[in-house]
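Remarks on the structure that follows.
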Amino acid sequence: AVLDDGESITSIVGSAVAITMLEDTTFTFLTQTDATITGAGTSTYGNSIANTDVFPAGITIYGKWSAVTVNAGLCIAYLG
């Protein structure tokens, strides 16, 4: 799924397993399927992604996310 400013996906079957940034991108939410780290701020298990954290164009991040919401930018979320 191609996502840009304010768009989101919620995976009913499977999850987003990789996200490639087509432009510098920030996220409102990257909700992990195991829910160990969600939302913004600090967690017991490390720092969560905040909407000010910029992922530069051209990189791909890997994981398992049940929900992805783009704050600003453009990316491709791969479901698996």
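Cluster annotation: Leu30 is connected to Ile59 through the hydrophobic network of ILVMFWY side chains, with a link wherever side-chain heavy atoms come within less than 4.5 Å. Side-chain heavy atoms closer than 4.5 Å link hydrophobic residues (I, L, V, M, F, W, Y) into clusters, and following such links, possibly through other members, connects Ile61 to Leu3.
Taking every heavy atom of both residues into account, Pro56 and Asp24 meet most closely at CA-OD1, 3.3 Å. Closest approach of Thr25 and Leu74 over heavy atoms only: OG1-O, 3.2 Å. Across every non-hydrogen atom of Gly73 and Asp5, the tightest pair is N-OD1, 2.7 Å. Between Gly6 and Thr69 the shortest heavy-atom distance is O-CG2, 4.4 Å. For Lys64 against Ser15, the heavy-atom pair with the smallest separation is CE-OG, 3.6 Å.
Side-chain contact between Thr26 and Asp53 is absent, with no heavy atoms from C-beta onward closer than 4.5 Å. Annotation: side chain of Trp65 is not in contact with side chain of Thr31 (no heavy-atom distance under 4.5 Å).
The main-chain N or O of Phe27 is never found under 3.5 Å from a side-chain atom of Asn51 such that the two would form a donor-acceptor pair.
Side-chain contact annotation: Thr60 with Thr20, donor-acceptor N/O pair under 3.5 Å present.
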> Going through the distances and angles, do Leu79 and Val17 end up as a side chain to side chain contact (heavy atoms under 4.5 Å, CB included)?
Replying inline: CA-CA 6 Å; Leu79 301 178; Val17 295; over 6 Å; no

> After noting the C-alpha distance and the side-chain angles of Glu7 and Val70, does the key distance pass the side chain to side chain contact (heavy atoms under 4.5 Å, CB included) rule?
Replying inline: CA-CA 6 Å; Glu7 292 185 323; Val70 173; 5.6 Å; no

